[in-house]
Chemist: 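Please find one structure pasted underneath; my questions will follow.
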There are 2 protein chains.
Amino acid sequence: MTAGDPADTKTPGAAPVRRLRRAERREQILASATRAFARAGFTATSLDDIAAEAAVTRVILYRHFESKADLYRAVLDRARTRLAETAGAGDFTDAPIPALLCAAAADPDAFRLLFRYAAREPEFRDLTRPLTGPLTAASAEITRRNLAPFVPEGPWADWAARLIPAVTVEAVIAWLDAGRPDRETAAERIGHAVHGVITAAQPR
Amino acid sequence: MTAGDPADTKTPGAAPVRRLRRAERREQILASATRAFARAGFTATSLDDIAAEAAVTRVILYRHFESKADLYRAVLDRARTRLAETAGAGDFTDAPIPALLCAAAADPDAFRLLFRYAAREPEFRDLTRPLTGPLTAASAEITRRNLAPFVPEGPWADWAARLIPAVTVEAVIAWLDAGRPDRETAAERIGHAVHGVITAAQPR
DNA sequence: GTATTTGTATACTGTCGAGTACACAACAGG
DNA sequence: CCTGTTGTGTACTCGACAGTATACAAATAC
């Protein structure tokens, strides 16, 4: 469907009053879809579920998005953007854990969706990888760098490199589930837990 | 569908030679279905996928199982049984981590399926809960007991109680992914990592 | 060899969900 | 008021998949 998006064919002088409505609706749909997808993942969430969540019908979704996959892509994209914005400059290189906590607190649904579901849907990894890739690759890289001085190359370094991002994410989600007590303490303790994993990976 | 199962209407003295064939086929189907489900979860795995994995057609599946849900239940049940058998007496109370490693090594697909997918399919929690319930409830209980002496009741105890099983499972899966280096060392290191989480949950 | 049981395959039905066509409602500008 | 644009809803098509009916092949018991 290369049918021209109506937004592209407008005359330049047209008043963009209506357009705002459209953007608002789109935003509302994206938020609802994020909630819906975060509950059950992509395949298990029907467009009717999303439409119900957004209090509209399924057709409306197609007025704003070309397909379910397109909507999903937009949801993931928005999630990544929002998380990156709240987390700071979008780089998780300096202080990843506070940034993650900040992002998770700002949009828990987006966080759960990106880090729990999106990373694990094999058939849509090509869809999610360009979004989660920067984050997971970065964290894996950081992990490797922080690990290198302590843990020699080998299966145990692999083990730790795989485990640390998972632990971090699980710790953040557990923090959300536990009622988000004191964010700074949480950052400290998650850092401590991760440090424990690094220590565990070292030969004794 | 109360149509009598042909197996029930046999004469008592019939030689049960054929039955073995049937049991073997059933077992093969269960193993294949475990692999298939472990790849993508329940909803994303079609009966054709499973049939292809077992090198039979879809109809055969119905000769052995009443429905997809029934097959899934049987797969989960078998997974739990096999894991419990390899892990020891089926109780994870004494030395949960070596038991988990043993079970994961013996049947990685079953392990991944039970602990990764089955625990997270919301629509089938009623199906999976009677199977994963004993395990997760037990581990949560153990966690709470081991935590009580160190961490005071409150959100942080909740946090740790949620996190520890997740970390354990992730550590085991990371160990599988890393090529299963030396199981005893793995048990030690996972124990160490979990200890790190417990320490992290303590107020300083 | 004939009947019964088990394994196999082809072809069907029915349902659910993705995607579409078309009719209707609200609001701007002429 | 009429027209065009945008938002909305009803009713449809189409395909994938769960589940079923039925015919066929191999092996054993009599």
Side-chain angles (χ1 to χ4, degrees), chain A residues 1-29 32-33 36-37 40-73 123-124 127, chain B residues 1-29 32-33 36-37 40-73 123-124 127:
Chain A
M1 311 308 183
T2 56
D5 188 350
D8 298 339
T9 60
K10 68 187 186 311
T11 57
V17 181
R18 292 277 183 79
R19 292 299 162 83
L20 264 152
R21 290 272 162 80
R22 183 176 172 82
E24 285 167 17
R25 177 57 77 186
R26 186 187 154 95
E27 182 59 25
Q28 184 224 341
I29 290 174
S32 308
F37 281 134
F42 180 85
T43 38
T45 303
S46 81
L47 288 179
D48 283 312
D49 294 336
I50 299 168
E53 181 79 32
V56 295
T57 58
R58 209 171 58 253
V59 182
I60 312 297
L61 305 181
Y62 285 99
R63 291 285 185 111
H64 295 266
F65 306 94
E66 285 194 349
S67 67
K68 188 186 178 186
D70 184 46
L71 170 59
Y72 192 51
R73 194 194 320 267
E123 32 179 331
F124 292 96
L127 234 169
Chain B
M1 326 303 178
T2 56
D5 189 351
D8 297 341
T9 61
K10 69 186 183 311
T11 58
V17 181
R18 294 277 184 77
R19 291 300 162 81
L20 265 153
R21 290 272 160 81
R22 185 176 169 82
E24 284 167 17
R25 176 59 75 187
R26 186 187 154 96
E27 182 59 24
Q28 185 223 341
I29 291 175
S32 307
F37 281 134
F42 181 84
T43 39
T45 304
S46 80
L47 287 179
D48 284 312
D49 294 336
I50 299 168
E53 181 78 32
V56 295
T57 57
R58 209 173 55 255
V59 182
I60 312 296
L61 305 181
Y62 284 99
R63 298 276 267 248
H64 294 267
F65 305 95
E66 286 194 349
S67 67
K68 189 186 178 186
D70 184 46
L71 170 59
Y72 192 51
R73 193 195 320 268
E123 32 177 333
F124 293 95
L127 233 169

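Residue numbers start from 1 in every chain, and the chains themselves are labelled A, B, ... in the order their sequence lines are given, proteins ahead of strands. From a predicted model like this one, the values you see are computed outputs, not experimental measurements.
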Chemist: Between C:dA21, D:dG19, C:dA18, which nucleotide has the shortest distance from any of its atoms to the side chain of A:Val59?
Modeler: C:dA21
Chemist: Report the distance from atom NZ of A:Lys68 to atom C1' of C:dC16, rounded to the nearest whole Å.
Modeler: 12 Å
Chemist: To the closest 0.5 Å, what do you measure between CZ (B:Phe65) and CG (B:Leu47)?
Modeler: 11.0 Å
Chemist: Side chain of B:Arg63 only, heavy atoms from C-beta on: which candidate in C:dC22, D:dA18, C:dT8 is closest?
Modeler: C:dT8
Chemist: Could you give me the CA-CA distance, side-chain angles and deciding distance for A:Arg26 and A:Ile29, then say whether side chain to side chain contact (heavy atoms under 4.5 Å, CB included) is met?
Modeler: CA-CA 5 Å; A:Arg26 186 187 154 95; A:Ile29 290 174; 5.7 Å; no
Chemist: How many Å lie between CG on B:Asp70 and C1' on D:dG19, as a whole number?
Modeler: 13 Å
Chemist: Provide, to the nearest angstrom, the distance between the CG atom belonging to A:Asp48 and the P atom belonging to C:dT15.
Modeler: 17 Å
Chemist: Rounded to whole Å, please give me the gap between CZ in B:Arg26 and P in C:dT5.
Modeler: 20 Å
Chemist: Aromatic rings A:Phe42 and A:Tyr72: how do their planes relate, parallel, tilted or perpendicular, breaks at 30° and 60°?
Modeler: tilted
Chemist: Could you say whether B:Thr45 or A:Ala55 is positioned toward the 5' end of DNA chain D, judged by the nucleotide with the nearest heavy atom to each?
Modeler: A:Ala55
Chemist: Of the options C:dG17, D:dT8, C:dG19, whose atoms approach the side-chain atoms of A:Arg58 most closely?
Modeler: C:dG19
Chemist: Please report the distance, rounded to the nearest Å, between NE2 in A:His64 and C1' in D:dG7.
Modeler: 7 Å
Chemist: To the nearest Å, how far apart are A:Glu24 CD and D:dT6 P?
Modeler: 15 Å
Chemist: Which heavy atom of B:Thr45 sits nearest to which heavy atom of B:Ala36, and what is that distance?
Modeler: OG1-O, 3.5 Å
Chemist: Can you tell which of C:dA18, D:dC17, D:dT22 lies closest to the side chain of B:Ser46?
Modeler: D:dC17
Chemist: D:dG7 base to A:Arg25 side chain: any donor-acceptor pair below 3.5 Å?
Modeler: no
Chemist: For A:Ile60 and D:dG7, give me the distance from atom CD1 to atom C1', rounded to whole Å.
Modeler: 6 Å
Chemist: Rounding to a whole Å, what distance do you find between B:Leu61:CG and D:dA18:P?
Modeler: 10 Å
Chemist: Under 4.0 Å, heavy atoms only, any strand: does A:Leu47 hit a base, just the sugar-phosphate, or nothing?
Modeler: sugar-phosphate
Chemist: Heavy atoms from C-beta onward define the side chain here; which of D:dG19, C:dT8, C:dT20 lies closest to that of B:Tyr62?
Modeler: D:dG19
Chemist: Search all heavy atoms of A:Ala33 against all heavy atoms of A:Leu71 and return the closest pair with its distance.
Modeler: CB-CD1, 4.2 Å
Chemist: Nearest to the side chain of B:Val56 - C:dA18, D:dT8, C:dT8?
Modeler: C:dT8
